[in-house]
There are 2 protein chains.
Amino acid sequence: MRHDFKKKSKVLLIDDNYEHLVGIRELLNLEGTFDVVGIATTVTVGLNLIKKYQPDIVLLDMNMPDKDGLQGIIEISKLDMGTKVLALSGYDDADLIFRAMKIGAKGYVLKTMASAQLIYAIEEVLNGKIYLPLALSSRFFEYFQQSFREEIAKQDSNEENLLSYLTQREEEVLELLTQGVTYKGVAGKLFISETTVKTHVNNIFQKLQVNDRTQAVLYAINNGFLTKKGVLTGR
Amino acid sequence: MRHDFKKKSKVLLIDDNYEHLVGIRELLNLEGTFDVVGIATTVTVGLNLIKKYQPDIVLLDMNMPDKDGLQGIIEISKLDMGTKVLALSGYDDADLIFRAMKIGAKGYVLKTMASAQLIYAIEEVLNGKIYLPLALSSRFFEYFQQSFREEIAKQDSNEENLLSYLTQREEEVLELLTQGVTYKGVAGKLFISETTVKTHVNNIFQKLQVNDRTQAVLYAINNGFLTKKGVLTGR
DNA sequence: CTTTTTATAGACCATTCGGTCTAAATCCTA
DNA sequence: TAGGATTTAGACCGAATGGTCTATAAAAAG
């Protein structure tokens, strides 16, 4: 399903570089299928224009003087108007790309890109797709995998993961501990005596080599206990 | 920099469907630039072949009988031989794609794809790149953004986040609590009396509406306290 | 220049938690 | 079936934690 042909798509531009701003506006106007409803050189002004004109898409420069471009994306999405954000930047900073995509940008393009590519990116995003140039998506994936590397290393290391020494029952107890339940509470939920819970908990401490419940909970969280349980699925 | 021309790249195939396995082998042999050093119909056998032949790349079917394909990726990377994994699957399951990429797959291709595309994907991965067909990378990004949506929602909701009521000092104390430090420990680290720490902690409990330190720590973790502090950056 | 907030700290007490020891019933395995 | 692991549970004690109240000095807000 391609986007609506009858109405021109409403576009809003936010960039602190006025020359660039006007340049893009001219480019989009020449294209004929876009209606640039507003331009802004600050995020704050841009947000007000978005509220007023309800554009379909916003081209947002990541390097803004008044506010962080990332914060801009968050605030636009908080308006909850379904406005799509295409991030613009001069640099192919992997971390920036990752964070922009993470908080909901529909695409990320470099200012150095050919104008035809920019047009294409805008159209793709308007059609509900996500646009990342090949080079940037590579950077993205590298960063993505890197950021999960340590996390994975912990979870898959069956040999070093002290959690694997826990018995079934101890896991159940630990799971309740990670929900902030007290001895009494655990006893009630598992239908066993409070003393028994204490015994289990003490054994857990021994196995995880910690001294108190807080440390046990932290160990569990930092070593994939919850993700294994499916409590935090999707992460 | 393209990959080495002098030596053929060593490829290993793991797929429980023998017909498919042989088909791909023929395809790669015909291509002439690949050396299929082994084929396996189970992950376990595949792992042994990898140890023996040290292939440059492994084409790994995600839908295996003996072990999960995801587990296969993890175990291959645990061999720590730099073996690249190209995931094969019959379905474009967003969750599966996401998880495969998360744990380090260098690419993901559908079995229904044209053989020329498969060849291309293998070459890209061998050249150190990451290959995802456009359609799949869209699915990936959708899933990616979806999985971070709730997390973001919490962190940016300044209005509902009880953490914002904490004073500077209380935040410092809470940060130490999230490291499993005791009253005595906090007192020592902040150079204040133990009583003072208790006062702060009690105030924190009031503000976060919890009853004990474990619950406070859990609230902090679940509401972006650590990520704001930059402790878990990159996530 | 007041008022409020924040940071500090003590006293007191009840509750919870953690450590250790013992022990019985059950389950699993060799 | 004998031995080991698991789950259950009690007793006892000291240490840590949580609740409440009061109070002072400094800092921030008005």
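Hydrogens, waters and symmetry mates are skipped; everything else that's a heavy atom, side chains included, is used. Just so we're clear, the structure is a prediction, and the values are computed from it rather than from any experiment.
Listed nucleotides D:dG19, C:dA7, D:dT8 differ in distance to A:Arg169; the shortest reach to its side chain belongs to D:dT8. Side-chain proximity of B:Phe205 to the nucleotides D:dG19, D:dT17, C:dG18 is greatest for D:dG19.
Minimum heavy-atom separation, A:Gly72 to A:Val43: CA-CG1, 4.0 Å. A pairwise comparison of heavy atoms in A:Leu136 and A:Leu132 identifies CB-CD2, 4.5 Å as the closest pair. The minimum heavy-atom distance between B:Ser89 and B:Leu96, with the atom names listed, is OG-CD2, 4.2 Å.
Atom pair A:Gln215:CD and C:dG19:C1' shows a separation of 15 Å (rounding to whole Å applied). The distance between atom OH of B:Tyr165 and atom P of C:dT6, rounded to the nearest whole Å, is 13 Å. B:Arg213 has its CZ atom 13 Å from the C1' atom of D:dA15, to the nearest Å. In this entry the distance linking NZ of B:Lys207 with P of D:dG18 reads 17 Å, nearest Å. Here D:dT6 presents its C1' atom at 11 Å from CD of A:Gln168, a figure rounded to the nearest Å. Remark: P of D:dC21 and CD of B:Gln206 are 11 Å apart, rounded to the nearest angstrom. A straight line from CG of A:Leu208 to C1' of C:dG18 spans 15 Å, rounded to a whole angstrom. As rounded to whole Å, 14 Å separates atom C1' of C:dT5 from atom CG of B:Leu166.
With sequence neighbours excluded, no residue satisfies side-chain hydrogen bond (donor to acceptor under 3.5 Å, both in side chains) with B:Gln179. For B:Tyr108, the ring pair (Phe, Tyr, Trp, His ring centres under 6.0 Å) criterion is met by no residue, not counting sequence neighbours. Qualifying salt bridge (charged side-chain N to carboxylate O under 4.0 Å, His left out) partners for A:Arg25, counting only residues two or more places apart in sequence or in other chains: none. With sequence neighbours excluded, the residues forming a side-chain hydrogen bond (donor to acceptor under 3.5 Å, both in side chains) with B:Arg99 are B:Asp95, listed by chain and number. Applying the side-chain hydrogen bond (donor to acceptor under 3.5 Å, both in side chains) criterion to A:Asp16, with sequence neighbours excluded, gives no partner residue. Here A:Lys189 pairs with nothing under the side-chain hydrogen bond (donor to acceptor under 3.5 Å, both in side chains) rule; sequence neighbours left out.
Rotation axes derived from the C1' atoms of the five outermost pairs at either end of the helix from C:dC1-D:dG30 to C:dA30-D:dT1 lie 60° apart, to the nearest 10°.
Taking the nucleotide of DNA chain C with the nearest heavy atom to each of A:Lys184 and A:Val210, the more 5' of the two is matched to A:Lys184.
Look at B:Asn202 and you won't find any side-chain N or O under 4.0 angstrom from OP1 or OP2 of D:dG18. In this model, the phosphate group of D:dT7 is approached by a side-chain N or O of A:Thr167 to a distance below 4.0 Å at OP1 or OP2. Applying the 4.0 Å criterion to OP1 and OP2 of C:dG18, one finds that A:Tyr183 has a side-chain N or O inside that range.
B:Asp15 has a carboxylate O that lies under 4.0 Å from a charged side-chain N of B:Lys111, or vice versa, which qualifies the two as a salt bridge.
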Please tabulate the protein-to-nucleotide N/O contacts below 3.5 Å involving nucleotides 24-30 of chain C, giving atom names and distances.
none

List, with names and distances, any nitrogen or oxygen atoms from the protein found under 3.5 Å away from nitrogen or oxygen atoms belonging to nucleotides 24-30 of chain D.
none

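The side-chain heavy atoms of A:Val201 and A:Val186, taken from C-beta on, include no pair separated by under 4.5 Å.
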Ignoring hydrogens and angles, write down the donor-acceptor pairs under 3.5 Å from the side chains of residues 46-59 of chain B, residues two or more places apart or on other chains.
unit_1	atom_1	unit_2	atom_2	d
B:Asp56	OD2	B:Lys10	N	2.7

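A parallel orientation is assigned to the rings of B:Phe140 and B:Phe144, their planes being inclined by less than 30° (bins at 30° and 60°). Under the 30°/60° scheme for interplanar angles, the aromatic rings of A:Phe98 and A:Tyr143 are found to be tilted.
Listed by residue number, the members of residues 187-200 of chain A with any heavy atom below 4.0 angstrom from DNA chain C are A:Lys198.
Residue contacts for B:Asn203: at a heavy-atom cut-off of 4.0 Å it reaches no nucleic acid atom on any strand shown.
Counting only residues at least two apart or in different chains, salt bridge (charged side-chain N to carboxylate O under 4.0 Å, His left out) contacts with residues 201-216 of chain B comprise B:Glu170-B:Lys207.
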